[in-house]
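Note that this is a predicted model, so its numbers are computed, not measured.
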Amino acid sequence: MSTHAKRERLLLADLLEAAGPEAPTLCEGWKTRDLAAHVVVRERRADAAGGMLLGALRNRLERVQAEYAAKPYEELIQLIRTGPPRFSPYALKQIDEVANTVEFYVHAEDVRRAQPDWSRRELDPVFADLLWSRTERTARLLGRRSPVGLVLRRPDGRTAVARRGAPVVTVTGEPSELLLFAFGRQGSADVEVVGEKEAVERVHTAALGM
């Protein structure tokens with residue numbers, strides 16, 4: 001049976017292929033070619049991927065990612081589809097599922113929602129609950145840079161506190177939309193944001209996410 005991560009991987013590859021190498025994305029400063037290179041480097045170049053977390057390795061990451069972005073676009077798409085090499089931790093099904101399901105879902109929406117004619121996906125309840133579970137577990141990390149208190153709420157009332165503080169802004173929406181909001185895609189997430197006007201404005205421009 002296909003895992004969620006594998007399904008999202010193939011969907012992301014299809015979206016990147018259909019959009020072409022020069023299409024915009026929701027990742028600031030990145031076109032689809034840059035996003036594709038990011039995905040490949042993250043899985044295949046552990047020596048450089050550490051720069052996503054460590055400032056000391058940032059220059060190396062940018063250099064290696066630029067090298068991959070210069071490769072033929074079709075090659076990048078194929079590398080995404082085929083997945084990581086056997087020696088990569090991501091080649092293990094359990095790690096792939098934990099590390100890549102959200103990664104690929106968010107990046108698929110980065111491609112989809114940057115297009116003028118995008119439409120929202122209808123997700124099955126099992127996948128929606130999985131995204132909510134990941135959102136709950138990482139809410140504090142994703143919301144750590146919020147300038148005000150931040151609460152994420154599902155329509156059924158279940159909540160996750162992303163940032164304690166006052167005033168409080170409450171964001172209500174489906175799990176997938178709350179995840180995108182918390183990952184810094186505030187302007188493209190289909191949510192209702194409630195709170196003091198100034199606090200809401202500050203949350204919309206905050207650098208949420210990893």
R113 side chain near L180 side chain, heavy-atom distance below 4.5 Å: yes

Beyond-backbone contact of L131 with L123, side-chain heavy atoms, under 4.5 angstrom: yes

Distance under 6.0 Å and angle within 45° of ring axis: R33 vs Y68: no

Check against side chain to side chain contact (heavy atoms under 4.5 Å, CB included), V151 and V171: CA-CA 6 Å; V151 174; V171 183; over 6 Å; no

Non-neighbouring partners of W132 that pass ring-ring contact (aromatic ring centres under 6.0 Å, His included), sequence neighbours left out: none

Backbone N/O of L141 and side chain of T138: donor-acceptor pair under 3.5 Å: no

Residues, nucleotides or ligands: over 12 heavy atoms within 6.0 Å of E122 CD: no

Side chain to side chain, V40 and I80, heavy atoms closer than 4.5 Å: yes

OG1-CD distance between T159 and E136, expressed to the nearest 0.5 angstrom: 8.0 Å

pair D110-W30: side-chain heavy atoms closer than 4.5 Å: no

Note: R44-E67 ion pair, threshold 4.0 Å (strictly below): no

Residues forming a side chain to side chain donor-acceptor pair (under 3.5 Å) with R63, sequence neighbours excluded: none

Any donor-acceptor N/O pair, Y105 side chain to N100 backbone, under 3.5 Å: no

Pairwise side-chain contact, L11 with R121, heavy-atom cut-off 4.5 Å (strictly under): yes

Electrostatic pair R185:E109 at N-O distance under 4.0 angstrom: no

Partner set under side chain to side chain donor-acceptor pair (under 3.5 Å) for S133, not counting sequence neighbours: R137

Test: E75 and R81 ion pair at under 4.0 Å: no

Residues T25, K31; criterion side chain to side chain contact (heavy atoms under 4.5 Å, CB included); working and verdict: CA-CA 6 Å; T25 74; K31 294 186 176 181; 5.6 Å; no

Any side-chain heavy-atom pair of L208 and L142 under 4.5 Å: no

Worked verdict on R164 versus R140 for side chain to side chain contact (heavy atoms under 4.5 Å, CB included): CA-CA 9 Å; R164 295 190 182 278; R140 297 289 180 85; 3.1 Å; yes

Reported CZ-to-OG1 distance for the pair R134 and T101, which is rounded to 0.5 angstrom: 5.0 Å

Inter- and intrachain pairs under side-chain hydrogen bond (donor to acceptor under 3.5 Å, both in side chains), touching residues 188-210, at least two apart: R120-D190

R154/E177 ion pair, N-O < 4.0 Å: no

Audit row: S88, E43, side chain to side chain donor-acceptor pair (under 3.5 Å) steps and yes/no: CA-CA 7 Å; S88 169; E43 289 196 314; over 6 Å; no

All side chain to side chain donor-acceptor pair (under 3.5 Å) counterparts of R158, not counting sequence neighbours: D156

H4 side chain near L130 side chain, heavy-atom distance below 4.5 Å: yes

CA sep, side-chain torsions, deciding dist, call: R7, F104, side chain to side chain contact (heavy atoms under 4.5 Å, CB included): CA-CA 9 Å; R7 183 188 66 193; F104 293 151; over 6 Å; no

Validation row: L12, V39 side chains within 4.5 angstrom (heavy atoms): yes

Residues in salt bridge (charged side-chain N to carboxylate O under 4.0 Å, His left out) contact with E103, at least two apart in sequence or another chain: R42

